[in-house]
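Numbered from 1 within each chain, the chains take letters A, B, ... in sequence-line order.
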There are 2 protein chains.
Amino acid sequence: MMEYGGINMRLPIYLRIAEDIKEKINKGELKPGDAIYSENALCRAYKASRMTVRRGLALLANEGYIYSIPGKGNFVREPDNDTYTLYYNEMKNFINSVDKTKLLEVNIILPNYKLINSLQITRNRKVIVIRRLFFTGGEPVAYDVKYLPYCKGMPIVEKEIRYATFPEMVAKSTSLFAIKKELIIYTQMPDEETKKYLNIYNELPLMVVEQKLYNREGKPIGMGITYFRGDYCKLYAESYFSDSKICEKYKNEAET
Amino acid sequence: MMEYGGINMRLPIYLRIAEDIKEKINKGELKPGDAIYSENALCRAYKASRMTVRRGLALLANEGYIYSIPGKGNFVREPDNDTYTLYYNEMKNFINSVDKTKLLEVNIILPNYKLINSLQITRNRKVIVIRRLFFTGGEPVAYDVKYLPYCKGMPIVEKEIRYATFPEMVAKSTSLFAIKKELIIYTQMPDEETKKYLNIYNELPLMVVEQKLYNREGKPIGMGITYFRGDYCKLYAESYFSDSKICEKYKNEAET
DNA sequence: GAGTGGTCTAGACCACGGT
DNA sequence: CCGTGGTCTAGACCACTCT
């Protein structure tokens with residue numbers, strides 16, 4: 001029984017082109033650096049217009065499979081092995097969700113030297129400090145500190161702060177789309193204060209996540225550190241397959 | 001001095017359309033859930049053909065700014081706040097690069113119960129074990145164990161293994177494009193054996209990274225655990241801006 | 001039925017690369 | 001020079017939604 005007329009029949013031409021080439025790359029028939037058939041050649045091969053062919057190639061380019069050099073052709077790209085998609089939310093990780101928080105402090109302070117540097121502000125610019133404890137099932141699981149350069153309309157109302165993640169805190173003053181975020185993740189032993197907050201009596205390490213937020217112009221608009229009890233924090237990341245989601249719709253149709 | 005005729009003049013129409021809408025979203029003029037002008041309306045507004053307008057919208061869709069519902073329109077998407085791009089390479093992290101490795105063991109074994117489960121193999125399928133130490137400036141910084149279901153052509157030659165990262169190890173049997181990778185990141189205290197390997201005499205936690213590799217069909221083709229000395233491992237992640245790289249070319253031209 | 005997005009065509013002109 | 005990719009047009013037909 002031939003596959004012909006099965007899945008690929010009702011697949012739009014541009015997807016068919018993209019899938020065919022992708023398969024050749026995945027199978028190793030096309031290797032990094034190799035040239036793809038020219039767009040005109042693909043037009044003839046698939047009896048398609050050039051716009052349709054280019055749409056298929058654009059898909060592959062977006063997914064990182066190929067790149068193009070004007071005047072020369074399309075080529076298979078070297079795969080990026082070191083890039084993953086990490087899912088991080090200070091309230092919710094791979095093994096744990098925060099169900100209660102406790103506000104330790106909300107304050108407006110003048111920044112110390114480290115903060116001035118880190119937030120790139122002047123020494124008389126006021127800063128909001130928010131210190132919280134996160135709980136799961138009654139147990140403290142993380143100690144969290146955030147610093148935000150004070151602007152009018154900033155959240156200093158307790159209700160607004162309690163369950164807000166960092167991006168949510170700044171959402172009132174900037175569109176979330178316009179925010180650039182950075183994470184630095186490391187581990188260390190807790191100091192005495194943190195041990196007390198997190199009920200740590202034995203040798204238990206911390207997972208530390210530093211988060212920095214920048215606006216569209218690259219100016220820092222907030223920084224925070226979350227100290228997780230090591231036994232309550234697992235992070236999950238995966239290599240991204242931006243691809244093939246589009247095709248599922250058609251595959252499902254074909255299966256029925 | 002007006003900006004008119006500056007940057008945007010030589011910008012391709014589809015990019016101009018995309019940038020204009022993106023700016024409206026970033027400024028908050030368009031909020032998540034809001035409808036964009038219809039494609040035909042944009043055609044009239046920009047005196048452009050529909051294919052050109054759709055190309056601009058496709059850009060925004062790829063960058064996660066908008067989505068479309070056939071028969072209804074294009075809408076601003078809710079931004080994804082919990083997704084980051086993580087850069088991970090067992091030999092090279094934010095603060096440290098491995099400059100020497102030591103092979104502790106290369107062996108072919110029969111899997112124990114945990115491996116059978118984790119690699120989804122039968123009990124008589126042989127498995128390659130590779131145990132290594134990573135060094136920086138003469139100091140041991142990580143203890144690394146990998147398991148690969150044995151296939152013909154697998155790397156059991158010492159030279160091939162010494163400096164290979166996990167993806168590189170399986171690259172001979174599968175195209176790197178076709179590999180799906182998963183990471184689980186957590187922290188724990190070292191056991192006695194690991195302490196010895198990593199020269200740990202005081203209270204120093206480990207950063208542990210479990211890595212699993214899958215082929216295109218979802219079958220596991222390898223798993224590994226890397227135990228980093230906590231003081232030699234920082235991971236870095238950032239929110240992705242898939243956007244605006246395309247525009248830089250034009251911006252640079254405009255500046256000169 | 002009018003409007004929307006999804007797919008596709010058959011041309012066009014341009015800048016660029018290699019001969 | 002010819003072939004390549006990059007941009008763009010002015011149409012077309014379809015499936016869908018809403019009224």
Side-chain angles (χ1 to χ4, degrees), chain A residues 7-21 30 33-62 65-77 245-254 256, chain B residues 7-21 30 33-62 65-77 245-254 256:
Chain A
I7 291 175
N8 286 341
M9 216 33 201
R10 53 178 61 199
L11 213 57
I13 304 177
Y14 74 93
L15 272 181
R16 201 183 186 293
I17 296 173
E19 293 294 318
D20 282 1
I21 297 174
L30 284 170
D34 287 358
I36 315 280
Y37 290 128
S38 82
E39 296 179 355
N40 281 320
L42 288 169
C43 290
R44 291 190 295 272
Y46 286 91
K47 299 190 207 313
S49 77
R50 192 155 154 246
M51 283 306 267
T52 302
V53 167
R54 282 180 60 74
R55 195 170 167 193
L57 295 179
L59 263 187
L60 295 175
N62 270 323
Y65 279 87
I66 65 171
Y67 62 96
S68 62
I69 302 179
K72 296 193 74 175
N74 288 283
F75 303 88
V76 178
R77 191 189 290 278
K245 280 165 197 168
I246 314 164
C247 295
E248 273 163 28
K249 168 176 141 198
Y250 297 94
K251 281 180 191 162
N252 292 339
E253 281 174 10
T256 53
Chain B
I7 291 175
N8 285 343
M9 216 33 201
R10 50 179 62 200
L11 213 56
I13 303 177
Y14 73 94
L15 272 181
R16 200 182 186 293
I17 296 173
E19 292 295 317
D20 282 359
I21 297 175
L30 285 171
D34 287 358
I36 315 279
Y37 290 128
S38 81
E39 295 179 357
N40 282 319
L42 289 169
C43 290
R44 290 190 295 273
Y46 287 89
K47 297 189 209 315
S49 77
R50 194 157 154 245
M51 283 306 266
T52 303
V53 168
R54 282 180 60 74
R55 195 170 167 192
L57 296 178
L59 264 186
L60 295 175
N62 270 323
Y65 279 87
I66 65 171
Y67 62 97
S68 63
I69 302 179
K72 296 192 73 175
N74 288 284
F75 302 89
V76 179
R77 191 189 290 279
K245 280 164 196 166
I246 313 165
C247 295
E248 272 163 29
K249 167 175 141 199
Y250 296 94
K251 282 181 191 161
N252 292 339
E253 280 175 10
T256 54

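- Here the SG-CE distance, from B/Cys43 to B/Met51, works out to 11.0 Å after rounding to the nearest 0.5 Å.
- For B/Asn40 and C/dT4, the shortest distance from a side-chain N or O to OP1 or OP2 is below 4.0 Å.
- In this entry the distance linking OH of B/Tyr14 with P of C/dC14 reads 18 Å, nearest Å.
- Residues A/Val53 and A/Ala48 approach most closely at CG2-CB, 4.3 Å, considering heavy atoms.
- A/Tyr65 contributes atom OH, which lies 12.0 Å from atom CD1 of A/Ile21 (distance to the nearest 0.5 angstrom).
- The side chain of B/Lys72 contributes no N or O atom lying less than 4.0 Å from OP1 or OP2 of D/dC16.
- Residue B/Arg16 contributes atom CZ, which lies 16 Å from atom P of D/dT7 at whole-angstrom precision.
- Under 4.0 angstrom from either OP1 or OP2 of C/dG6 there lies at least one side-chain N or O belonging to B/Arg54.
- B/Ile13 places its CD1 atom 17 Å from the P atom of D/dG6, with the value rounded to the nearest Å.
- In this structure B/Arg44 satisfies the salt bridge (Lys or Arg N to Asp or Glu O under 4.0 Å) test with no other residue, sequence neighbours excluded.
- Atom CD1 of B/Ile36 is separated from atom C1' of C/dG3 by 17 Å (rounded to the nearest Å).
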A/Leu60 and A/Ile36: CA distance, side-chain angles, deciding distance, side-chain contact (heavy atoms from CB on, under 4.5 Å) verdict: CA-CA 11 Å; A/Leu60 295 175; A/Ile36 315 280; 5.9 Å; no

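- Put simply, CD on A/Glu39 is 11 Å from P on D/dT7, counting in whole angstrom units.
- Atom P of nucleotide C/dT4 and atom CG of B/Leu42 are separated by 11 Å, given to the nearest angstrom.
- Taking side-chain N and O atoms only, B/Asn74 has a distance below 4.0 Å to OP1 or OP2 of C/dG5.
- Looking at heavy-atom distances under 4.0 Å, A/Ile69 makes contact with sugar-phosphate atoms alone, never a base.
- Going from atom CD1 of B/Ile13 over to atom OG1 of B/Thr52 covers 5.5 Å, rounded to the nearest 0.5 Å.
- Atoms CZ (B/Arg55) and P (C/dC8) sit 17 Å apart, rounded to a whole Å.
- In this structure, B/Tyr37 atom OH and C/dG3 atom P are separated by 18 Å, rounded to whole Å.
- Annotation: A/Tyr37, atom OH; neighbour count of heavy atoms from other residues, nucleotides and ligands within 6.0 Å does not exceed 12.
- If you check residues 44-53 of chain B against DNA chain D, the residues with a heavy atom closer than 4.0 Å are B/Lys47, B/Ala48, B/Ser49, B/Arg50, B/Met51, B/Thr52, listed by number.
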